[in-house]
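To start, the structure itself, in structure tokens.
All values below were derived from every heavy atom in this structure, side-chain atoms included, with hydrogens, water molecules and symmetry-related copies excluded. None of the values given here were measured: they were computed from a predicted structure.
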Amino acid sequence: MWSAASIRFGAFLAPYHPLDADPALQLRRDIDLMQHLDHLGFDEAWIGEHHSTGAEIVPAPEVFIAAAAERTERIRFGTGVVSLPYHHPLITADRITQLDLQTRGRVIFGTGPGKIPLDAHMMGIDPNDQRRRQGEALEAILRLLRGEVVDMETDWFTLRDARTQLPTYDPAGIEVVTASTISPNGSVLAGTHGLSLLSLAAGSPTGFEALDRNWGVYEKVAAEHGHVAARSTWRLVNPMFLAETRADAERAVSRRIGSMAAYVNRQTGANPDWAQTPAGIIDQWRNDTLGEFGQAIIGTPDEAIAQIERLIEKTGGFGTLLILHVDMADWEATKRSYELFASEVIPHFTRRNAGRRASLQFAEDHRDHLIGSLVGALTKAHTDYYGRSEGAQA
């Protein structure tokens with residue numbers, strides 16, 4: 001039986017960064033953020049793979065995760081995602097098993113077809129082939145991760161007597177996840193192979209509307225292939241930035257939020273009126289969508305709670321909420337956003353304060369008896385002490 005108290009929380013980093021700052025510092029800040037999330041008790045952090053357009057600056061999530069894992073203790077790391085059509089399946093399987101061993105089993109293997117058109121263009125890959133290639137690569141990789149010897153030939157890779165040298169850290173294997181946006185392709189692939197589902201577009205209006213439909217496809221296909229569709233392994237992504245008040249959140253993001261609007265609009269050649277001011281961008285992002293990012297919560301912990309409850313109502317329950325991290329505020333405000341989420345949003349759902357609230361409620365409900373007993377005890381102690389003292393003087 002699914003319960004909101006079982007929801008886990010994490011962050012999803014493409015990562016998105018403005019083009020006017022030092023990428024070496026930006027990468028360092030992202031690693032610092034991993035340490036901060038680990039300290040705050042977040043469950044997961046996901047790192048993407050991208051090769052072009054400037055804002056998404058990690059081309060090798062495995063390299064980033066290896067560095068971040070050495071600086072953290074408990075947080076799990078997901079590849080968000082490895083674009084399977086860009087890599088030979090044996091190399092992908094070998095890299096992920098090495099990373100799994102290095103992190104002592106803290107890796108989640110997120111997979112996808114590749115997102116940015118320019119990435120595929122630079123590698124000479126037809127976008128129409130990407131989802132087919134994803135499926136072919138995934139079939140081969142899953143067999144390799146199970147320890148099988150694989151012979152397989154397609155129009156873009158060959159495997160001959162192929163096997164991985166290294167085992168997975170956990171004999172049960174690595175959790176493998178397939179990304180889904182709006183179409184049911186990801187749900188079909190995940191259901192076919194019994195993989196976990198990652199809904200990247202949960203925060204966008206169209207992605208939100210597709211959530212329950214895509215879950216239904218996933219459940220149906222999983223059952224047809226003898227797998228169980230577990231809500232505990234379903235992950236949803238939504239952009240959020242928090243502060244003590246809405247006005248504080250708006251001030252924190254106003255200087256740099258324009259870089260994200262430019263990232264979206266320059267690729268499409270658009271120059272909408274809303275993009276001319278920080279206030280217009282914030283309003284657009286809150287109430288409609290900002291390109292691929294979906295609708296954002298730029299506000300308070302209460303607004304974040306309301307959005308998560310909205311997602312629960314729409315889906316019927318899921319396993320992990322991932323905050324889409326966008327580098328749009330200074331470092332101190334960014335850290336404070338995650339601190340507010342950890343201190344005020346997460347306990348609302350995990351019910352870690354249920355016992356504390358119940359204790360205070362009991363004290364309130366029985367205050368006459370409890371306070372009366374306390375007053376009586378103090379009066380008796382006073383009488384006993386002074387009674388003995390007066391008797392001794394006599």
Side-chain angles (χ1 to χ4, degrees), residues 7-16 44 46 48-50 55-56 78 80-81 83 110-117 127 130-131 134 177-191 195-221 229 231 233-241 260-261 263-265 267-268 270 272 274 281-299 303-326 328:
I7 295 180
R8 297 179 300 275
F9 298 91
F12 190 98
L13 287 74
Y16 297 105
E44 298 177 1
W46 290 66
E49 174 194 351
H50 306 94
E56 301 168 77
V81 295
S83 300
T111 66
K115 180 193 72 170
I116 299 177
Q130 284 178 251
R131 281 165 177 76
Q134 177 193 8
V177 180
T178 294
S180 171
T181 51
I182 297 166
S183 79
N185 180 74
S187 297
V188 171
L189 201 56
L195 311 180
S196 303
L197 190 64
L198 171 65
S199 294
L200 291 170
S204 72
T206 51
F208 178 85
E209 288 305 317
L211 284 172
D212 49 357
R213 183 173 66 250
N214 282 343
W215 179 259
V217 171
Y218 176 55
E219 278 189 315
K220 178 177 180 294
V221 175
R231 290 184 178 275
T233 64
W234 189 13
R235 294 168 174 88
L236 273 58
V237 180
N238 200 114
M240 295 186 180
F241 183 90
M260 291 302 102
Y263 171 69
V264 170
N265 292 328
Q267 292 181 75
T268 61
W274 57 258
I281 298 168
I282 291 170
D283 185 67
Q284 171 71 19
W285 204 350
R286 277 178 176 156
N287 299 308
D288 190 351
T289 186
L290 188 63
E292 64 203 26
F293 300 120
Q295 286 178 291
I297 299 299
I298 301 174
E303 292 179 86
I305 289 170
Q307 174 62 6
I308 296 168
E309 290 178 337
R310 181 170 170 257
L311 289 167
I312 291 171
E313 182 179 1
K314 177 65 173 176
T315 61
F318 55 90
T320 305
L321 186 283
L322 299 173
I323 300 169
L324 180 65
H325 176 78
V326 180
M328 57 181 172

With side chains defined as the heavy atoms from C-beta onward, is the minimum distance between [X] and [Y] less than 4.5 Å?
X: Leu200; Y: Ser180; value: no
X: Trp46; Y: Leu198; value: yes
X: Glu44; Y: Thr320; value: yes
X: Trp215; Y: Leu197; value: yes
X: Tyr218; Y: Leu189; value: no
X: Trp234; Y: Ser196; value: no
X: Pro205; Y: Asp288; value: yes

With a 3.5 Å cut-off and sequence neighbours excluded, list the donor-acceptor pairs that the side chains of residues 304-314 form with protein atoms.
from	atom 1	to	atom 2	distance (Å)
Gln307	OE1	Arg310	NH1	3.2
Gln307	NE2	Asn238	OD1	2.9
Glu309	OE2	His348	NE2	3.0
Lys314	NZ	Glu209	OE1	3.4
Lys314	NZ	Asp212	OD2	3.4

Tell me if a side-chain donor or acceptor on [X] pairs with a main-chain N or O of [Y] at a distance below 3.5 Å.
X: Ser204; Y: Gly207; answer: yes
X: Asn287; Y: Asp283; answer: yes
X: Thr315; Y: Gly317; answer: yes
X: Trp285; Y: Gly294; answer: yes

### Message
So, using salt bridge (charged side-chain N to carboxylate O under 4.0 Å, His left out) as the criterion, who are the partners of Arg8 when residues are at least two apart?
### Response
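Partners of Arg8 by the salt bridge (charged side-chain N to carboxylate O under 4.0 Å, His left out) criterion come out as none, since no residue qualifies.
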### Task
Begin from the C-alpha positions of Leu236 and Leu322 and carry the test side chain to side chain contact (heavy atoms under 4.5 Å, CB included) through to its verdict.
CA-CA 6 Å; Leu236 273 58; Leu322 299 173; over 6 Å; no
Between [X] and [Y], which heavy-atom pair has the shortest distance, and what is it?
X: Thr289; Y: Gln284; value: O-NE2, 3.0 Å
X: Val264; Y: Gly291; value: CG1-CA, 3.6 Å
X: Gln134; Y: Gly112; value: NE2-CA, 3.4 Å
X: Gly114; Y: Gln130; value: O-NE2, 3.4 Å

The criterion is side chain to side chain donor-acceptor pair (under 3.5 Å); which residues satisfy it with [X], sequence neighbours excluded?
X: Glu49; answer: His51, His87
X: Arg286; answer: Glu250
X: Trp274; answer: none
X: Ser187; answer: none

Look up atom [atom1] in [X] and atom [atom2] in [Y], then write down how far apart they are to the nearest 0.5 Å.
X: Glu219; Y: Asn214; atom1: CD; atom2: CG; answer: 12.0 Å
X: Ile298; Y: Phe241; atom1: CD1; atom2: CZ; answer: 8.5 Å
X: Thr233; Y: Leu195; atom1: OG1; atom2: CG; answer: 9.5 Å

### Message
Show, in sequence, the C-alpha distance, side-chain angles and deciding distance for Phe12 and His325, and conclude whether the side chain to side chain contact (heavy atoms under 4.5 Å, CB included) test is met.
### Response
CA-CA 6 Å; Phe12 190 98; His325 176 78; over 6 Å; no
### Message
Determine whether Lys115 and Glu56 satisfy the following criterion, side chain to side chain contact (heavy atoms under 4.5 Å, CB included), listing intermediate values before the conclusion.
### Response
CA-CA 11 Å; Lys115 180 193 72 170; Glu56 301 168 77; 2.8 Å; yes
### Query
Between Asn265, Ile281, Val326, which is the residue that forms a side chain to side chain contact (heavy atoms under 4.5 Å, CB included) with Met260?
Val326
### Query
Would you call the rings of Tyr16 and Phe293 parallel, tilted or perpendicular if under 30° counts as parallel and over 60° as perpendicular?
perpendicular
### Trace of the side chain to side chain contact (heavy atoms under 4.5 Å, CB included) decision for Val177 with Arg235
CA-CA 9 Å; Val177 180; Arg235 294 168 174 88; 3.8 Å; yes
#### Entry: Crowding at CZ, Arg131 (>12 non-hydrogen neighbours, <6.0 Å)
no
